[in-house]
Novice: 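Structure incoming, see below.
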Amino acid sequence: MDEFRADLHCHSDFSDGTDSPLRLLRIAADKKLQGLSITDHDTLAAYTPELFLAAQKLSISLLVGVEISSGFEGVSVHILGYGSSLLDPKFLRVLKEVQKKRAERNLEILRRLKSKGKEVLEEELMQLCSSFQVIGRPHIAQVMVLKGYVSSTKEAFDLYLKEGGQCFFPGEKFSSLEVIEAIHTFGGKAILAHPHFFKGGDFLEKLLALPFDGYECYYAKMDKQREAPWIKKAREKDLLATGGSDYHGNFKPYIELGASWVGKETFEKLCP
Ligand code: AMP
Ligand code: FE
Ligand code: FE
Ligand code: ZN
C-alpha cells in the first residue's frame with residue numbers, strides 16, 4: 001500500500017490552470033496521490049457530481065476547496081477554504097460577490113494597460129478564456145504575449161501586472177477577516193496560502209493573529225530546510241500545517257501536481 005499523500009492546492013481551467021478538473025484527477029491517480037483538493041481562485045465550480053463520481057472510481061479522496069482573494073492592510077492575501085459544507089448555496093453567493101469585485105478590478109487593469117499603449121480588449125480576453133470561469137492576471141498576461149506586447153507571461157508580470165507593477169490595480173476586496181469568518185460560518189477550515197510570499201516580521205505576525213485554522217508549510221518545490229521553521233511555528237501556534245503544489249498546468253509548467261502534499265492525519269483534520 002502506497003503512503004497516503006494528498007495535494008491540497010491546485011488549479012483547474014475553471015480559474016488559472018490549464019487542465020480540466022477531471023484531468024487533474026487522472027494526473028493525481030497517475031502520480032499515486034490518494035487525496036486531492038482543487039482550489040480554484042474564487043470559485044467552487046469544479047465540484048460537480050461527475051467529479052465526485054470520478055474521484056470515487058479512481059479511489060481518490062476529494063476534498064472541497066477554494067482559494068479566495070482578500071485584502072489585509074492593502075496587501076493581497078490568498079485564503080484557502082476547505083470542506084464540503086462550503087458548497088452551501090449561500091456560500092456560493094459570497095463567492096459570486098468576490099468574483100464581481102475581481103471582474104471590476106480586471107477592467108481597471110485593462111484601462112491602465114490601454115493608457116500605456118498595450119490595449120487588451122475585453123472581447124480578446126473573453127475569447128481566450130471561453131473555458132475559464134474566473135479570469136485573472138495570468139489570462140491577461142497570456143493575451144499580452146499573443147498580441148506581441150511582451151515575450152513571455154513572466155515579462156508581462158514583471159513589467160506591468162505584478163503587485164506594484166505599472167498597470168497593477170488591487171481592486172476592492174473583502175478583508176481577510178471577513179473571508180475567514182465567512183468560511184467558518186459555513187463550517188469550513190480557513191488556511192493562509194503560501195505565507196512565505198510575504199515579507200516576514202510585523203505584517204505576517206499581525207496577519208497570523210487572525211483566526212486562521214492553519215497555514216501552508218509545504219508548498220510547490222520548497223525544500224525541507226525552508227519548510228522546517230514554518231512547521232515549527234505552526235506547532236507553537238497550534239495551527240494546522242497544510243500544503244500542496246499550487247499546480248497551474250501550462251501556466252506554471254515547472255511545477256508538477258503532487259510536488260508538495262500532506263499525510264492522512266492532516267487531510268482528515270480538514271474534512272472531519
Ligand atoms: P489574480 O488572481 O488575477 O490576482 O492573479 C494571481 C495569480 O497570478 C496567481 O495565483 C498566480 O497564478 C499568478 N501570478 C502572480 N504573480 C505572478 C508573477 N509574478 N508571475 C507569474 N504569475 C504570477
Ligand atoms: Fe493562480
Ligand atoms: Fe495563491
Ligand atoms: Zn493557488
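Just follow the structure's listing: the first ligand is 1, and inside any ligand the first atom is 1.
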Novice: How does R137 reach ligand 1, by side chain, by backbone, by both or by neither, if only non-hydrogen atoms under 4.0 Å count?
Specialist: both
Novice: What protein N/O/S atoms sit under 2.8 Å from the Fe ion (ligand 3), by chain and number?
Specialist: E67 OE2, H78 ND1, H194 NE2
Novice: Do any of the N, O or S atoms of H194 sit under 2.8 Å from the Zn ion (ligand 4)?
Specialist: no
Novice: Regarding ligand 1, does S69 bring an N or O atom to under 3.5 Å of one of the ligand's N or O atoms?
Specialist: no
Novice: On the 0 to 90° scale, with breaks at 30° and 60°, tag the F197-H194 ring pair as parallel, tilted or perpendicular.
Specialist: parallel
Novice: Consider ligand 1: state whether an atom of it lies below 4.0 angstrom from any non-hydrogen atom of K154.
Specialist: no
Novice: Are any of the heavy atoms in H11 under 4.0 Å away from ligand 1?
Specialist: no
Novice: Which value, rounded to 10°, describes the NE2(H11)-the Zn ion (ligand 4)-OD1(D246) angle?
Specialist: 90°
Novice: For ligand 1, does K252 get within less than 4.0 Å through its side chain, its backbone, both, or neither, judged by non-hydrogen atoms?
Specialist: side chain
Novice: If you count every heavy atom of other residues, nucleotides or ligands that lies below 6.0 Å from K154 atom NZ, does the total exceed 12?
Specialist: no
Novice: Taking only residues two or more places apart in sequence, or in another chain, which ones meet K233 in a salt bridge (charged side-chain N to carboxylate O under 4.0 Å, His left out)?
Specialist: E205
Novice: Taking all heavy atoms of V94 and all of A182, pick out the closest pair and write down the distance.
Specialist: CG1-CB, 4.4 Å
Novice: Taking heavy atoms and a distance under 4.0 Å, where does T153 meet ligand 1: side chain, backbone, both or neither?
Specialist: neither
Novice: Is it the case that the side chains of Y247 and D19 hold a donor-acceptor pair, with the cut-off being a distance below 3.5 Å and no angle test?
Specialist: yes
